[in-house]
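First the proteins, then the strands, lettered A, B, ... as listed; each starts at 1.
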2 protein chains.
Amino acid sequence: MKSTDSTSLERPGSLLARLRRRGLRLTAQRRVIAQALEEAGVHLTADEVFERAVARLPELSRATVYNTLNQLRALGEICEISLDDGPRRYDPNVTERHQHLVCDSCGTVRDVIPSGDVSLPEDQQHGFVINEVQVIFRGLCPACAKPSRP
Amino acid sequence: MKSTDSTSLERPGSLLARLRRRGLRLTAQRRVIAQALEEAGVHLTADEVFERAVARLPELSRATVYNTLNQLRALGEICEISLDDGPRRYDPNVTERHQHLVCDSCGTVRDVIPSGDVSLPEDQQHGFVINEVQVIFRGLCPACAKPSRP
DNA sequence: CTCCATGCAAAAGGTTTGCACTCCC
DNA sequence: GGGAGTGCAAACCTTTTGCATGGAG
């Protein structure tokens, strides 16, 4: 595998830069995986990441994609979202606090910033220590909402 | 399979009663599946449902559990929740509007009723038609929060 | 009696793992 | 050079499906 001129690839806040800073080795595989994740406007499944990444690096294997995604998640550099059906999707945006908007028809996921606030009253906390509140807005994207049948 | 004296089993709002009202046939399999779902205080995975149900009806098969859960969900009589890892869980409480509280350590899920409200400002809706807002509170349950190491 | 429902087993995803080889640091 | 990282293939886990049998209504 050709060694990479990493300096040109590491924009300060990029996934790749964060990866390096965490002490992970900078390999070609990780580079194409990070690129695939960041370049996509929507949140990809592991398989979609693989497809896009393997286009740039044909010897890439699926296992490496899964391993890398899991490592990144463990480090908190990406987050994983499970919808009710279909495979998990991965979100490289972890620096900005946000929630998700999901199309129930085609499965597309977008980042959104909601207004307002929810919380759990004491009597609803059941003794839990609450760390995070996750909100998923569900509905239909513009394309799927159109009842067009020409 | 022995026919069941269904009257004694159908408390008015029970899953079983709702099942019957929807025109589904009342079988022993569906009965034990509904019982398993309703008797558990927490929300079970398909496999947990199977385990508990098969204890009462040894000839029950996994496929039937999945089929039945899917039918119930399609009818809107139960709801399915996907956490970020582990299999999906099923919630028989669909009559009361509620959200979920999840333990990140052991995976337990409880129903809760939050206060406050979130919404998406126009400029965050991306043209979507929003149908539902799902909220998941994540944290540690009392048992898992305890740092006990005797 | 007629279908819906079931069991079984196989298949279909999606994801993880063991092992030997590779290559970054 | 050493150990993290990788590819491959097989294993795993969860869920779905095809088909023949069985039982509810």
note = Tightest non-hydrogen contact, residues A:Cys141 and B:Phe128, listed as CB-CZ, 3.5 Å
task = Round to the nearest Å and state the distance from A:Leu57 atom CG to C:dT22 atom C1'.
result = 13 Å
Atom pair CD (A:Gln99) and CG (A:Asp111), whose distance is rounded to the nearest 0.5 Å = 9.5 Å
message = Distance check needed: C:dT16 C1' versus A:Asp47 CG, whole Å only.
response = 15 Å
inquiry  = For a quick test of reading the model: is some side-chain N or O of A:Thr27 closer than 4.0 Å to OP1 or OP2 of D:dT6?
reply    = yes
query = Taking B:Gln124 for the side chain and B:Pro121 for the main chain, is one N or O donor matched with an acceptor at less than 3.5 Å?
reply = no
message = Quick check on the helix from C:dC1-D:dG25 to C:dC25-D:dG1: what's the angle between its two end axes, five base pairs per end, to the nearest 10°?
response = 40°
key: Candidate nucleotides D:dG7, D:dG5, D:dG25, ranked by approach to the side chain of B:Leu26 - the nearest   = D:dG25
request  = Tell whether B:Arg25 reaches the base of C:dA5 with its side chain through a donor-acceptor pair below 3.5 angstrom.
outcome  = no
query = Is it the case that B:Arg22 and B:Gln71 place a side-chain donor and acceptor less than 3.5 Å from each other?
reply = no
inquiry  = Tell me the interatomic distance from A:Arg62, atom CZ, to D:dC8, atom P, rounded to whole angstroms.
reply    = 11 Å
message = Side chain of A:Tyr66 only, heavy atoms from C-beta on: which candidate in D:dT6, C:dA9, C:dT15 is closest?
response = C:dT15
message = Below the 4.0 Å mark, does D:dT15 have OP1 or OP2 next to a side-chain nitrogen or oxygen of B:Arg88?
response = yes
ask   = Between C:dT6, C:dG7, D:dT6, which nucleotide has the shortest distance from any of its atoms to the side chain of B:Glu59?
value = C:dG7
task = Using atom CZ of A:Arg20 as one end and atom C1' of C:dC25 as the other, report the distance to the nearest whole Å.
result = 9 Å
key: Aromatic ring pairing A:His43/A:His100, orientation class (parallel under 30°, perpendicular over 60°, tilted between)   = perpendicular
key: Presence of A:Arg30 side-chain N/O under 4.0 Å of D:dG5 phosphate oxygens OP1/OP2   = yes
ask   = Roughly how far, to the nearest 0.5 Å, is CG of A:Leu16 from CD of A:Glu38?
value = 7.5 Å
ask   = Do you know the tightest heavy-atom contact between B:Ser82 and B:Arg88?
value = OG-CG, 3.8 Å
request  = Provide, to the nearest angstrom, the distance between the CZ atom belonging to B:Phe50 and the P atom belonging to D:dT15.
outcome  = 13 Å
message = If you assign B:Asn67 and A:Leu60 each to the DNA chain D nucleotide with the nearest heavy atom, which residue ends up on the more 5' nucleotide?
response = A:Leu60
note = Scanning both residues in full, the closest heavy-atom pair of B:Ala36 with B:Arg56 reads N-NH1, 4.5 Å
ask   = Within the structure, does a side-chain N or O atom of A:Gln29 lie under 4.0 Å from either OP1 or OP2 of C:dC23?
value = no
query = Atom CG of B:Leu24 and atom C1' of C:dC4: how far apart are they, to the nearest Å?
reply = 10 Å
ask   = Do the side-chain N or O atoms of A:Asn70 get closer than 4.0 angstrom to the phosphate oxygens (OP1, OP2) of C:dT16?
value = yes
ask   = Rounded to the nearest Å, what distance is computed from the CD1 atom of residue B:Ile33 to the P atom of nucleotide C:dA5?
value = 12 Å
key: Nearest-Å distance for atom pair CD/P, residues A:Glu48 and C:dT15   = 11 Å
